[in-house]
Trainee: 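This is the structure I have questions about; it appears just below.
Since the model is a prediction, treat every value here as computed from it, not as a measurement.
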Amino acid sequence: MAESNFVDYVKIYCRSGKGGRGSVHLRREKYIPNGGPDGGDGGRGGHVILRGNRNYWTLLHLKYDRHVFAEHGGNGSKNKSFGKDGADKVIEVPCGTVAYNAETGEYVCDITEDGQEVVLLKGGRGGLGNWHFRTATRQAPRFAQPGEPMQEMMVILELKLLADVGLVGFPNAGKSTLLSTLSAARPKIANYPFTTLEPNLGIVSYRDGKSFVMADIPGIIEGASEGKGLGLRFLRHIERNSLLLFMVPGDTDDIRREYEILLNEVATFNPEMLDKQRVLAITKCDMLDDELIELLTPTLPADVPHVFISSVAQTGLQELKDLLWTELNKESNRLEDVRHEAIVHRAKDLSKLQQELKDMGEDEDFSYEYEEVDDEDDFEYEYEEEDWDETEDETPQNNRP
């Protein structure tokens, strides 16, 4: 089976540029024997920057380019010439990307908008030249500042899809069928569990040219929040959804119990997801008659609006879209508000981080060995010594022979 092009998890090595050193130079021109210091400053090292780009939808472009290096700053030179600033290295990522420190699991930043830029690692500042250290009593300083060192970090980038409605359900609950019926998306549909192996997005059309985005994730099972099945890998994609649509087949023995199991898995993964608006859809109702639907209605959860649908028979779909549109447009449940509000990102559990990297195929220990150059070995002073007698030079002119 060919490997999927949908990559939502990568680990990369990032390194900013070090600052250039300041110059030690004394001015030496004809008829100007005591020109004084004129060493320039070193240039700034390049930053490593994350930038949101709406033209990307996966992290595939970073899977085979895992070493990101910014340029070092140039050294200063004579005549107060500044060194060249190192070029910044910009990493283009899709909107919805979250960065973590791979060594500590600490949350670093979140990219949610197109064009948003975050400095991941700052480049080192350039050192000052000896021109800055001149004083009345020290008119020929023969030292300068070295540049600040570079910064480096192993970074984990996670993609969390931005969508209005997220589909939550057990395998074979009809999630992919519903998405293909309501939108132009064509996910894989088959009569066996875990048909969907990667998230799918679809745009659902509504009245008067309006629309909303629906996200389908692989089915979750009981214990998915602990790593069972595929749920743990893809549950993060519904963290940004404004509304969760729980889907339970109508032929289930206990609809309420399956709904509570799904809700418990979502709450265990991230308790803050309980604050999201929820809708319950009972699927495959073409196998139920009106009398059975009336008997099932009192047994459903009372605190969640529900609707009976059938994607195959095309029944209840318009009612479902009306309900979803109503819930999405509540004042307390707008996706635009969710995007701009501060979303709390939990740090990764270090006890589970290695297993998570192994599951994602990112457990290989790769790094870049940078050989630091000793600046003192090749640091040459850029000045010429004058061959004069300082004692004689300080003798008054009228006392000289």
Trainee: Quick one, L159 and V10 - any side-chain contact, counting heavy atoms below 4.5 Å?
Mentor: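 Side chain of L159 against side chain of V10, heavy atoms only: no contact under 4.5 Å found.
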Trainee: Side chain to side chain donor-acceptor pair (under 3.5 Å) between D322 and Q318: does it pass, once the steps are laid out?
Mentor: CA-CA 6 Å; D322 292 338; Q318 187 59 46; 3.2 Å; yes
Trainee: Can you tell me how far NE2 of H132 sits from NZ of K80, rounded to the nearest 0.5 angstrom?
Mentor: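 K80 NZ to H132 NE2: 9.0 Å, rounded to 0.5 Å.
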Trainee: Give a yes or no on whether K284 atom NZ has more than 12 heavy-atom contacts from other residues, nucleotides or ligands under 6.0 Å away.
Mentor: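 Result for NZ/K284: enclosed.
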Trainee: Would the number of heavy atoms belonging to other residues, nucleotides or ligands and lying under 6.0 Å from NZ of K122 be above 12?
Mentor: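 No.
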Trainee: If you measure from CG on N53 to SG on C95, what distance do you get to the nearest 0.5 Å?
Mentor: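 Atom-to-atom, N53:CG and C95:SG are 7.5 Å apart.
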Trainee: Is there a donor-acceptor pair closer than 3.5 Å between any side-chain N or O of R28 and the backbone N or O of L26?
Mentor: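 Side chain of R28 to backbone of L26: no pair is present.
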Trainee: Please check if the side chain of E148 supplies one atom and the backbone of R125 the other of a donor-acceptor pair under 3.5 Å.
Mentor: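 It does hold such a pair.
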Trainee: Please determine whether side chain to side chain contact (heavy atoms under 4.5 Å, CB included) holds for the pair L296 and I255, giving the CA-CA distance in whole Å, both sets of side-chain angles, and the decisive distance to 0.1 Å.
Mentor: CA-CA 9 Å; L296 289 176; I255 297 178; 4.2 Å; yes
Trainee: Please report the interatomic distance CZ(R21) to CG(D41), rounded to the nearest 0.5 Å.
Mentor: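 Output value for this atom pair is 13.5 Å.
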Trainee: Would you sort out whether V108 and L50 count as a side chain to side chain contact (heavy atoms under 4.5 Å, CB included), showing the intermediate values?
Mentor: CA-CA 11 Å; V108 179; L50 288 180; over 6 Å; no
Trainee: Taking Q277 for the side chain and L324 for the main chain, is one N or O donor matched with an acceptor at less than 3.5 Å?
Mentor: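 It does not hold such a pair.
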Trainee: Within the structure provided, determine whether E327 and L323 are in side-chain contact (heavy-atom separation under 4.5 Å).
Mentor: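 Touching, per the 4.5 Å side-chain cut-off.
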Trainee: Taking E106's backbone N and O only, do any of them form a donor-acceptor pair with N101's side chain (distance below 3.5 Å, no angle check)?
Mentor: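 A pair under 3.5 Å: no.
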Trainee: Is the closest side-chain heavy-atom distance between I111 and V118 below 4.5 Å?
Mentor: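 Yes, at least one pair of side-chain atoms sits under 4.5 Å.
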Trainee: For M214 and L182, work out which heavy atoms get closest and say how close.
Mentor: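 So the minimum-distance heavy-atom pair works out to CE-CD1, 4.0 Å.
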Trainee: According to the interplanar angle, ranging from 0 to 90°, do the rings of F69 and Y13 count as parallel (below 30°), tilted (30 to 60°) or perpendicular (above 60°)?
Mentor: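 Aromatic pair F69/Y13 classed perpendicular.
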Trainee: Any side-chain to backbone donor/acceptor pair from E152 onto R15? Under 3.5 Å, distance only.
Mentor: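 No; zero donor-acceptor contacts below 3.5 Å.
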Trainee: Donor-acceptor pair, distance only, cut-off 3.5 Å: does the side chain of T135 make one with the backbone of R138?
Mentor: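 Present.
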Trainee: Grab the two heavy atoms, one from H72 and one from K18, that are nearest each other, plus how far apart they are.
Mentor: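 Scanning both residues, the minimum pair turns out to be ND1-N, 2.9 Å.
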Trainee: Let me confirm one number: the NZ-CG distance from K11 to L59, rounded to the nearest 0.5 Å.
Mentor: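 Interatomic distance, K11 NZ to L59 CG, rounded to 0.5 Å: 15.0 Å.
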Trainee: So, K321 side chain and S205 main chain: donor-acceptor pair closer than 3.5 Å or not?
Mentor: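 Answer holds: yes.
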Trainee: What closest approach, in Å, do G20 and N75 show between heavy atoms, and which atom pair accounts for it?
Mentor: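 Scanning both residues completely, I find the closest heavy atoms to be CA-OD1, 3.6 Å.
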Trainee: Locate the shortest heavy-atom distance separating I203 from S183; write the atom from each residue and the value.
Mentor: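 What the structure gives for the nearest pair is O-CB, 3.3 Å.
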Trainee: Under a 4.0 Å threshold between the charged nitrogen and the carboxylate oxygen, would D88 count as salt-bridged to R44?
Mentor: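 Salt bridge present between R44 and D88.
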Trainee: Which heavy atom in G39 sits nearest to a heavy atom in W131, and how many Å separate them?
Mentor: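 Shortest heavy-atom separation between G39 and W131 comes out as O-CB, 3.4 Å.
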Trainee: Specify whether H306 and F308 have parallel, tilted or perpendicular ring planes, treating 30° as the upper limit for parallel and 60° as the lower limit for perpendicular.
Mentor: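 Aromatic pair H306/F308 classed perpendicular.
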Trainee: Taking C-beta and beyond as the side chain, do M150 and S16 meet within less than 4.5 Å on heavy atoms?
Mentor: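 Sidechains of S16 and M150: in contact.
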Trainee: Go through the structure and list residues passing side chain to side chain contact (heavy atoms under 4.5 Å, CB included) with C14, not counting sequence neighbours.
Mentor: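 Checked C14 against side chain to side chain contact (heavy atoms under 4.5 Å, CB included); matches are I12, V48, V68, I91, L120, L121, V155.
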Trainee: Just wondering, do L178 and L320 contact through their side chains at under 4.5 Å, heavy atoms?
Mentor: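 Side chain of L320 against side chain of L178, heavy atoms only: contact under 4.5 Å found.
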Trainee: So, for D216 and K175, which heavy atoms are closest and what is the spacing to 0.1 Å?
Mentor: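 Of all heavy-atom pairs spanning D216 and K175, the closest is OD1-CB, 3.5 Å.
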Trainee: Taking CG in D303 as the centre, count heavy atoms belonging to other residues, nucleotides or ligands within less than 6.0 Å. Is the count above 12?
Mentor: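 Above 12, so yes.
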Trainee: Hey, can you tell me if W325 and F212 have their rings parallel, tilted or perpendicular (30° and 60° cut-offs)?
Mentor: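 The rings of W325 and F212 sit tilted, inter-plane angle from 30° to 60°.
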Trainee: Can you tell me if R256 has over 12 outside heavy atoms packed within less than 6.0 Å of its CZ?
Mentor: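 Result for CZ/R256: enclosed.
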Trainee: Between Y107 and Y100, what is the ring plane arrangement, given parallel below 30°, perpendicular above 60°, and tilted in between?
Mentor: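 Aromatic pair Y107/Y100 classed perpendicular.
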Trainee: Is there side-chain contact between V204 and V165, with at least one heavy-atom pair below 4.5 Å?
Mentor: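 No - every pair of side-chain heavy atoms lies 4.5 Å or more apart.
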Trainee: Out of curiosity, H61 NE2 to Y56 OH, how far, rounded to the nearest 0.5 Å?
Mentor: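 Rounded to the nearest 0.5 Å, the NE2-OH separation comes to 5.0 Å.
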Trainee: To the nearest 0.5 Å, what is the distance between NZ on K89 and CD on E71?
Mentor: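 Here the interatomic distance stands at 11.0 Å.
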